[in-house]
Amino acid sequence: MTQGLDLLASGGTITLTDGTTVGLRYSMRAIALLEARYGSVANVQNAIDTTGKGAAYGPIVQLVGAGCVGPGGFEPHYREHQTVDGERKISGDIVYRRRTDGVDLADLLHPGRLQEYVQAWEAAFTKALESLGNDGTPEPQETPDAGPMETVSPGLSSTTSPSVPSTFLQTPSGT
């Protein structure tokens, strides 16, 4: 039976240009970021052009970046807007910055390692989809005395900020 962090689907490790390694894990948060960026899981899976006629490097930064969120040490930074229908969309690319020093993940990826990144992403993302409910999810444990679950939505006017460690030093605004 799959337990604990296995459900967060670690599946591939990449080496960055500074010599550090990052394990890719696709939690619900990571997959939700990719869905917000690409529109659906199907679009996420087709984001990398394999014909050689479209984009490959930009999408792999997005795909790998989402897998580095959380325990991987990176935080997503993006612009979000709301359509007149009330639907929220991410505008442009998501920038993934390392929490410890603020370095952009895209600056730490080497173009010559594209195949390594694609293979690591495929392994981790496939494992995530399996462990999150497609082909191989453990059955949830039932609790006989559990009543109805109450959930609370933050509503349309809420905003969130990325988590920042206590050692983070804010850059002065120049005023």
Side-chain angles (χ1 to χ4, degrees), residues 1-80 88-141 160-165:
M1 182 172 157
T2 306
Q3 294 286 332
L5 292 178
D6 291 341
L7 292 176
L8 294 177
S10 59
T13 301
I14 59 168
T15 303
L16 304 177
T17 57
D18 65 358
T20 58
T21 58
V22 178
L24 302 183
R25 291 186 357 180
Y26 292 89
S27 63
M28 291 294 282
R29 177 183 181 201
I31 294 172
L33 279 170
L34 291 174
E35 277 186 328
R37 172 65 179 86
Y38 290 103
S40 71
V41 171
N43 290 343
V44 170
Q45 292 172 312
N46 296 320
I48 301 173
D49 177 66
T50 56
T51 66
K53 297 179 183 178
Y57 291 96
I60 200 63
V61 171
Q62 298 297 297
L63 301 174
V64 167
C68 295
V69 168
F74 287 81
E75 281 293 329
H77 298 268
Y78 54 87
R79 291 188 180 177
E80 186 178 52
R88 291 183 173 187
K89 297 271 187 184
I90 289 180
S91 302
D93 285 337
I94 302 168
V95 175
Y96 296 92
R97 295 202 178 275
R98 190 164 38 196
R99 282 188 216 113
T100 56
D101 57 11
V103 174
D104 186 339
L105 176 65
D107 294 333
L108 296 169
L109 297 175
H110 190 283
R113 295 184 182 152
L114 181 64
Q115 189 63 33
E116 172 193 342
Y117 303 146
V118 170
Q119 289 172 346
W121 170 73
E122 286 176 342
F125 199 70
T126 299
K127 187 174 179 184
L129 294 180
E130 288 174 356
S131 66
L132 291 174
N134 300 325
D135 306 317
T137 299
E139 291 299 319
Q141 301 292 326
T160 58
S161 301
S163 60
V164 178

Any side-chain heavy atom of [X] sitting closer than 4.5 Å to one from [Y]?
X   : Y    : value
I60 : V118 : yes
T13 : L24  : no
V22 : F74  : yes
Y26 : L34  : yes
Y96 : C68  : no
E35 : S40  : no

Problem set entry | Stepwise side-chain contact (heavy atoms from CB on, under 4.5 Å) test for Q62 and I94 | CA-CA 7 Å; Q62 298 297 297; I94 302 168; 3.4 Å; yes
Problem set entry | Where P59 and Y38 come nearest, the two heavy atoms and their spacing | CA-OH, 3.4 Å
Problem set entry | Nearest heavy-atom neighbours spanning A66 and A30 | O-CB, 3.2 Å
For this session: Among D101, L108, D107, find the residue that satisfies the side-chain contact (heavy atoms from CB on, under 4.5 Å) test when tested with D18.
Result: L108
Exercise. Going through the checks in order, is the salt bridge (charged side-chain N to carboxylate O under 4.0 Å, His left out) test met by R97 and E75?
Worked result: CA-CA 5 Å; R97 295 202 178 275; E75 281 293 329; over 6 Å; no
Please answer whether the main-chain N or O of [Y] pairs with a side-chain N or O of [X] as donor and acceptor at a distance below 3.5 Å.
X    : Y    : result
Y78  : L33  : no
R113 : T15  : yes
Y117 : H110 : yes
R99  : G70  : yes

Exercise. Given I14 and T21, is the side-chain contact (heavy atoms from CB on, under 4.5 Å) satisfied, shown in steps?
Worked result: CA-CA 6 Å; I14 59 168; T21 58; over 6 Å; no
For this session: Report the distance from atom NZ of K127 to atom CD of E122, rounding to the nearest 0.5 Å.
Result: 16.0 Å
Problem set entry | Euclidean distance, Y57 OH relative to L114 CG, rounded to 0.5 Å | 5.0 Å
Exercise. Would R37 and D93 count as a salt bridge (charged side-chain N to carboxylate O under 4.0 Å, His left out) if you check the C-alpha gap in whole Å, the side-chain angles of each, and the deciding distance to 0.1 Å?
Worked result: CA-CA 7 Å; R37 172 65 179 86; D93 285 337; 2.5 Å; yes
For this session: Determine, stepwise, if the pair T20 / R98 fulfils side-chain contact (heavy atoms from CB on, under 4.5 Å).
Result: CA-CA 12 Å; T20 58; R98 190 164 38 196; 3.6 Å; yes
For this session: Dump the intermediate steps for side-chain contact (heavy atoms from CB on, under 4.5 Å) on I31 and F125, then the final yes or no.
Result: CA-CA 9 Å; I31 294 172; F125 199 70; 4.0 Å; yes
